[in-house]
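Below is one structure, written out as structure tokens; the observations come after it.
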Amino acid sequence: MATFDWPAVGYYALAGAIGSAVGLADLIERYKDAPVRALRNLPALFYCILNAAAAVLALAFVKGFGWHLALNPTVAGTPLAQASTAGVASAALFRVSLHIRRARPEDAPVVVGPSKILDAFMRAADQGVDRSRGSDRAKDVRLIMDGVNFAEAAVALPLYCAGLMQNLSRQDQDVLGAAVHALNTTDLENDVLAQLLGLLRRDWAPTGNVCR
């Protein structure tokens, strides 16, 4: 009676978990305001699955060809080392651009390589997340910014939210300041400006209603 090699299955699972964790880190970095809700989107979930599958496939190649990627083959050939190497190496490989060419000097560069696959799924995830999160964000902002005077809030609210963020970089602060300044130079109605300020606040506040 055939039996499964459960230790081998565990190492494949480890490689897949490492690859999936890399994809998850990409999504968390991209969707800062609600990374967990973003994962409920099918393209975003498939993005993690694709990273995991690439790591499992890489481990299969490592085992199949008996590759040793270190000076000490005894250490590099252990199942744990192979699984870890496959998980990390597949993530790096999928983010490689093999060639960048321009049809004409004034054209945007065309990227050719494995990274094109991840870019395609990331764009699909962007569209799906934008559709699902857009209506929720609009409802939240209308509720939170109802009755807020933009002229008063434009100074105090960004400073307050930025102060709550302990690890907000100087670059991010500059981006926030530029966005608020752009709103101050427009002639839109107060309610519209307040809601646009609320959308900025949603991106920079550490929780959904802390700056209400």
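FYI, side chains are in, hydrogens and waters are out, and symmetry mates aren't considered; it's all heavy atoms of this structure. We're numbering straight along the sequence, starting at 1.
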Residue pairs involving residues 17-28 (criterion side-chain hydrogen bond (donor to acceptor under 3.5 Å, both in side chains); sequence neighbours excluded):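 Those involving residues 17-28 are Asp26-Tyr47, Asp26-Arg95.
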Nonpolar side-chain network containing Ile49, other nodes, edges under 4.5 Å: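 Reading the cluster by chain and number, Ile49 sits alongside Leu45.
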Heavy-atom closest contact (Ala52 atom, Gly16 atom, distance): CB-O, 3.3 Å
Minimal non-hydrogen separation, Ala86 against Ala55, with atom names: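 Distance-wise, the nearest heavy atoms are CB-O, 3.8 Å.
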Sequence-distant partners of Arg123, salt bridge (charged side-chain N to carboxylate O under 4.0 Å, His left out), two or more places apart: none
Reported CG-to-OG distance for the pair Asn51 and Ser90, which is rounded to 0.5 angstrom: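 That separation rounds to 7.0 Å.
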Inter-residue atom distance Gln171.CD - Asp174.CG, 0.5 Å rounding: 8.0 Å
Tell me whether [X] shares a hydrophobic cluster with [Y], the cluster being built from Ile, Leu, Val, Met, Phe, Trp, Tyr side chains joined at under 4.5 Å.
X      : Y      : answer
Val22  : Leu50  : no
Val141 : Val180 : yes
Leu199 : Leu159 : no
Leu80  : Val88  : yes

Criterion side chain to side chain contact (heavy atoms under 4.5 Å, CB included) on Met145 and Asp140, from CA distance to verdict: CA-CA 8 Å; Met145 303 303 291; Asp140 291 344; over 6 Å; no
Determine all donor-acceptor pairs shorter than 3.5 Å in which one atom belongs to a side chain in residues 186-197; sequence neighbours excluded.
{"residue": "Thr186", "atom": "OG1", "partner": "Leu183", "partner atom": "O", "Å": "2.8"}
{"residue": "Asn190", "atom": "OD1", "partner": "Phe150", "partner atom": "N", "Å": "2.8"}
{"residue": "Asn190", "atom": "ND2", "partner": "Val148", "partner atom": "O", "Å": "3.2"}

Set of residues satisfying side-chain hydrogen bond (donor to acceptor under 3.5 Å, both in side chains) with respect to Thr185, sequence neighbours excluded: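 Testing Thr185 for side-chain hydrogen bond (donor to acceptor under 3.5 Å, both in side chains), a comparison that skips the adjacent residues, returns none.
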Sequence-distant partners of Ala83, side-chain contact (heavy atoms from CB on, under 4.5 Å), two or more places apart: Tyr11, Leu14, Ala15, Leu59
